[in-house]
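The structure under discussion appears below in the form of structure tokens.
Note on naming: letters A, B, ... go to the chains in the order of the sequence lines (proteins, then strands), and numbering restarts at 1 for each one. Values below: all heavy atoms of this structure, side chains included; hydrogens, waters and symmetry mates excluded.
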Protein chains: 2
Amino acid sequence: MKNFETMSYDELLKEFKGILKANALKFTKQREAILSTLYNNPKHFTSECLYLLVKQKHPELNIGIATVYRTLSLLEENGLVSSISLGAQGKKFEIANKPHHDHLICSECGKIVEFENEQIERLQQQIAEENGFILTDHLMQLYGICSECQKKRTKGD
Amino acid sequence: MKNFETMSYDELLKEFKGILKANALKFTKQREAILSTLYNNPKHFTSECLYLLVKQKHPELNIGIATVYRTLSLLEENGLVSSISLGAQGKKFEIANKPHHDHLICSECGKIVEFENEQIERLQQQIAEENGFILTDHLMQLYGICSECQKKRTKGD
DNA sequence: TAAGATATGAATATCACTATCAAAAAGGTA
DNA sequence: TACCTTTTTGATAGTGATATTCATATCTTA
Ligand SMILES: [Mn+2]
Ligand SMILES: [Mn+2]
Ligand SMILES: [Zn+2]
Ligand SMILES: [Zn+2]
């Protein structure tokens with residue numbers, strides 16, 4: 001997979017157009033609107049939430065939620081966005097212009113902190129090897145209570 | 001949370017009854033059938049799959065799938081079962097009578113290998129602390145291709 | 001064992017997501 | 001540019017897993 005970490009929006013767009021062309025797909029206003037909204041608001045988006053924001057930023061497109069789902073799948077398949085499954089809280093998407101990282105999530109307020117830890121990644125690789133697996137992917141999410149929510153709790157009691 | 005690792009079925013049942021009583025809930029044939037089926041078939045069960053097995057083992061109960069969902073939630077809330085979310089492949093449940101472990105999953109055949117790694121656990125704790133979080137839980141799943149599926153692939157090509 | 005509670009199964013609803021389809025837009029060609 | 005073919009779109013209906021509703025059945029305790 002290509003590394004999109006340091007891409008400017010123009011480069012990203014060029015990359016996207018290349019992927020579209022390579023697959024005989026078309027470059028549409030909707031697809032660009034979704035990509036640019038993701039790029040300019042680098043958060044962890046619910047499909048619904050991204051849909052609302054694109055609608056707000058580009059009201060003239062009258063975008064449909066089906067298109068958002070379709071485009072997110074397309075972008076994820078091609079490595080331009082990545083997603084995390086948060087169980088009950090649903091699935092969230094983010095643009096893949098950052099190095100690989102995992103997530104630390106506050107169970108109380110939903111805050112998401114990103115982190116990376118090479119040592120864990122190495123150990124994961126080792127575990128897979130020990131069990132005869134070729135490691136292709138992993139999911140790691142840490143759940144806890146963030147410092148702000150800890151403070152709130154103390155006050156509340 | 002209590003440690004259920006070394007419990008015999010009788011002990012587990014006693015524990016369950018205690019939880020029920022403490023919450024003014026009733027001990028029913030359905031609830032016991034579900035618990036015993038989980039205990040005697042220590043696998044990773046889909047709700048549907050568990051439902052079918054309980055139905056087969058206890059046809060006289062004519063159990064409904066709603067009861068299976070309800071009971072699994074109840075058991076999970078009380079730490080007697082734990083679940084893993086496998087994205088597209090759905091959610092799987094297992095009885096919590098083993099030490100904590102994480103999962104290595106074959107993307108091709110769905111095989112699940114359990115593992116534990118103290119070193120990773122320590123690093124996770126450390127990461128949470130560094131970010132001011134109190135760690136309460138974590139999720140770690142490694143995805144890959146198991147050795148059998150690797151062999152099949154080579155033959156297929 | 002009767003009273004008062006919760007639990008159950010069947011049916012229905014919900015929720016996130018996917019498929020369908022007619023109309024619109026893209027993009028290659030001349 | 002105008003045309004033509006293909007893909008894309010938004011609205012809508014459909015799907016599958018899980019949750020809820022509700023009338024009846026089953027527990028628990030006195
Ligand atoms: Mn992230
Ligand atoms: Mn397990
Ligand atoms: Zn918080
Ligand atoms: Zn396999």
Side-chain angles (χ1 to χ4, degrees), chain A residues 13-14 16-35 37 44-78 81 83-93, chain B residues 13-14 16-35 37 44-52 54-78 81 83-93 110:
Chain A
L13 196 57
K14 194 188 240 176
F16 187 36
K17 285 183 178 175
I19 289 165
L20 292 174
K21 187 154 283 181
N23 293 84
L25 301 175
K26 291 174 178 175
F27 179 71
T28 65
K29 287 167 186 151
Q30 287 83 348
R31 285 174 174 164
E32 189 188 358
I34 290 167
L35 188 69
T37 302
H44 299 90
F45 280 108
T46 285
S47 307
E48 174 76 14
C49 173
L50 177 61
Y51 162 67
L52 292 172
L53 189 57
V54 172
K55 212 178 174 63
Q56 180 190 312
K57 299 261 181 194
H58 304 267
E60 77 286 0
L61 290 182
N62 188 33
I63 200 161
I65 191 148
T67 298
V68 174
Y69 279 107
R70 284 186 288 232
T71 304
L72 281 172
S73 297
L74 174 64
L75 289 169
E76 188 167 22
E77 278 162 21
N78 289 284
V81 314
S83 71
I84 52 176
S85 280
L86 298 170
Q89 290 106 255
K91 198 175 180 185
K92 291 195 175 179
F93 295 86
Chain B
L13 196 56
K14 193 188 242 179
F16 187 37
K17 285 183 176 173
I19 288 165
L20 292 174
K21 186 154 283 182
N23 293 87
L25 302 175
K26 292 174 176 172
F27 180 71
T28 64
K29 287 168 187 149
Q30 287 83 349
R31 284 174 174 163
E32 189 186 0
I34 290 167
L35 188 69
T37 303
H44 298 90
F45 279 109
T46 285
S47 308
E48 174 77 15
C49 175
L50 177 61
Y51 162 67
L52 292 172
V54 173
K55 212 179 174 66
Q56 181 190 312
K57 300 261 180 192
H58 305 267
E60 78 285 2
L61 290 182
N62 188 33
I63 200 161
I65 190 147
T67 297
V68 175
Y69 278 107
R70 283 186 287 231
T71 304
L72 281 172
S73 297
L74 175 64
L75 290 169
E76 187 168 23
E77 280 162 21
N78 289 283
V81 316
S83 71
I84 52 177
S85 279
L86 297 169
Q89 290 107 252
K91 199 175 179 183
K92 291 194 173 177
F93 296 85

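- Among the protein residues, I65(B) comes within range of no part of the nucleic acid, since none of its heavy atoms lies under 4.0 Å from any strand.
- Heavy atoms of I63(B) sit under 4.0 angstrom from primed sugar atoms or phosphate atoms, though from no base atom.
- When each of dT18(D), dT8(C), dG10(D) is scored by its nearest atom to the side-chain atoms of A66(A), the top-ranked nucleotide is dG10(D).
- Using a 4.0 Å heavy-atom distance criterion, K55(A) is classed as making no nucleic acid contact.
- With 3.5 Å as the limit, one finds a donor-acceptor pair spanning the side chains of S83(A) and E76(A).
- Using a 4.0 Å cut-off, no side-chain N or O of Y69(B) falls inside it from OP1 or OP2 of dA19(D).
- Counting all heavy atoms, side chain and backbone alike, L35(A) lies closest to F16(A) at CD2-CD2, 3.7 Å.
- A close approach under 4.0 Å does occur between a side-chain nitrogen or oxygen of T28(A) and OP1 or OP2 of dT9(D).
- Contact detail for R31(B) and L74(B): the closest heavy-atom pair is NE-CD2, 3.8 Å.
- Rounded to an integer number of Å, the gap from CG of L25(B) to C1' of dT29(D) is 16 Å.
- Across dG10(D), dT29(D), dG9(C), the shortest atom-to-atom separation from the side chain of K21(B) is found for dT29(D).
- Contact annotation for R31(A): backbone-only contact, meaning every heavy-atom pair under 4.0 Å involves sugar-phosphate atoms and none involves a base.
- OP1 or OP2 of dA17(D) has not a single side-chain nitrogen or oxygen of S47(B) nearer than 4.0 Å.
- When the nearest nucleotides of DNA chain C are assigned to K26(B) and L61(B) by heavy-atom distance, the more 5′-ward of the two goes with K26(B).
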